[in-house]
There are 2 protein chains.
Amino acid sequence: MFSKACEYGIRASVYLARQAEKGDRASLTEIAKAIDSPVAFTAKILQLLARHEIIISYKGPTGGYEIPKEHLSGIQLSHIVKVIDGDKVYRGCGLGLKECNASKPCPLHFQFKAIRDELKEMLQSTTVQDLANELHRRPAFLKR
Amino acid sequence: MFSKACEYGIRASVYLARQAEKGDRASLTEIAKAIDSPVAFTAKILQLLARHEIIISYKGPTGGYEIPKEHLSGIQLSHIVKVIDGDKVYRGCGLGLKECNASKPCPLHFQFKAIRDELKEMLQSTTVQDLANELHRRPAFLKR
DNA sequence: AAAAAAACGGACAAATTTGTCCAGTATATA
DNA sequence: TATATACTGGACAAATTTGTCCGTTTTTTT
Ligand code: FES
Ligand code: FES
């Protein structure tokens, strides 16, 4: 469904969202430990998210990554997915045709598009804040 | 969403379903041409489907691949997907945790599972015959 | 029986994704 | 200013997926 990179990216963002609620930032190693991901690979992903201003990075001691608290409710999962995996999740044909197009549809088009649109809607209506809240309401996990 | 192999597998199966309605079988090269897929790679996929008795292969002149007409309505897309991609589409965690488990859920679990279940339901309720019919009712395409 | 047609299967190769290493840069603190 | 800390970015490596090649086997036709 999503690439590994994207899975790590979302998990890292949710972890950062939880930290943001505490007014904290987190270092690369802390994040990688919290979400059980390969450190150096996670670094690449965080750099990508930082370049796209989904998270902010700070160098030096006391540095790390951070999501400004006031951004929490504005960061949709769809933003993260788009930055990391592009928009084939939202636009791609289920049977791999070059483009998904209702006027030249594959035989699965209408069934597939219905579900793809729901996925898109879900990713757009869910923010990292929502997922951080989820971590409070019930025991939920970012690793294993 | 699905692997390339799986996309080719479904497209090939739909093509064979349409041929079955005509009482025809199709050779590897004919199939690859019809669905615009790499010939040798397609061969591997067809062999896999044949080993799992989703399609039947015949050697020699007049040989090729075939779906028995009376099987058409019994072959669900979910069968094909499972043989080629396994069941991570149906059971996998959206955020990449080792297993998706409601009693140890990732923060996206409930939203994700809802959509994953709809996808599963769609794949189970759609047969290759349904898709072959689709090709009759309106112009639909297996390539480009 | 010989030849031709078509799938089979194993080894190999290319491309992509995932993951690692390390020297460089920026920054906080002493 | 020196040092330690943490992110950055480029090159590299491993793993997986995608795709190719070719000799073998089976079957039909001549
Ligand atoms: S054309 Fe295949 S999903 Fe739209
Ligand atoms: S645990 Fe992540 S989707 Fe179920």
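Naming convention: chains lettered A, B, ... in sequence-line order (proteins, then strands); numbering from 1 in each chain.
- Here D:dA13 presents its C1' atom at 14 Å from CZ of A:Phe41, a figure rounded to the nearest Å.
- Here the side chain of A:Lys44 is nearest to one of D:dG10, C:dA28, D:dT8, namely D:dG10.
- Rounded to whole Å, the distance from CG on B:Leu16 to C1' on C:dA7 is 14 Å.
- Computed from coordinates, the B:Arg25 CZ to D:dT27 P distance equals 12 Å when rounded to whole Å.
- When rounded to the nearest whole Å, the span between OH of B:Tyr65 and C1' of D:dT26 equals 13 Å.
- Minimum atom distance to the side chain of B:Ala5 is reached by D:dT18, of the listed D:dT18, D:dC7, C:dT18.
- The side-chain heavy atoms of A:Leu97 and B:Arg11, taken from C-beta on, include a pair separated by under 4.5 Å.
- Look at CD1 on B:Ile45: it is 15 Å from C1' on C:dG9, rounded to the nearest Å.
- As rounded to whole Å, 20 Å separates atom P of D:dT25 from atom CG of B:Leu28.
- Whole-Å rounding puts the B:Gln47 CD to C:dC8 C1' distance at 5 Å.
- The residues A:Arg18 and A:Glu21 are annotated as not salt-bridged, no charged nitrogen and carboxylate oxygen being separated by less than 4.0 angstrom.
- Nearer the 5' end of DNA chain C, as judged by each residue's closest nucleotide, is the contact made by B:Gly60, out of A:Lys59 and B:Gly60.
- When distances run from any side-chain atom of A:Ala40 to the nucleotides C:dA6, C:dC21, C:dG9, the shortest one goes to C:dC21.
- Closest to the side chain of A:Pro61, out of D:dT5, D:dG9, C:dT20, is D:dT5.
- Ring geometry, A:Phe41 versus A:Tyr8: the interplanar angle exceeds 60°, so the pair is classed perpendicular (tilted spans 30 to 60°).
- Set against C:dC8, D:dT8, C:dG19, the side chain of A:Tyr8 has C:dG19 as its closest nucleotide.
- Open room surrounds NZ on B:Lys33; 12 or fewer heavy atoms of other groups in view lie less than 6.0 Å from it.
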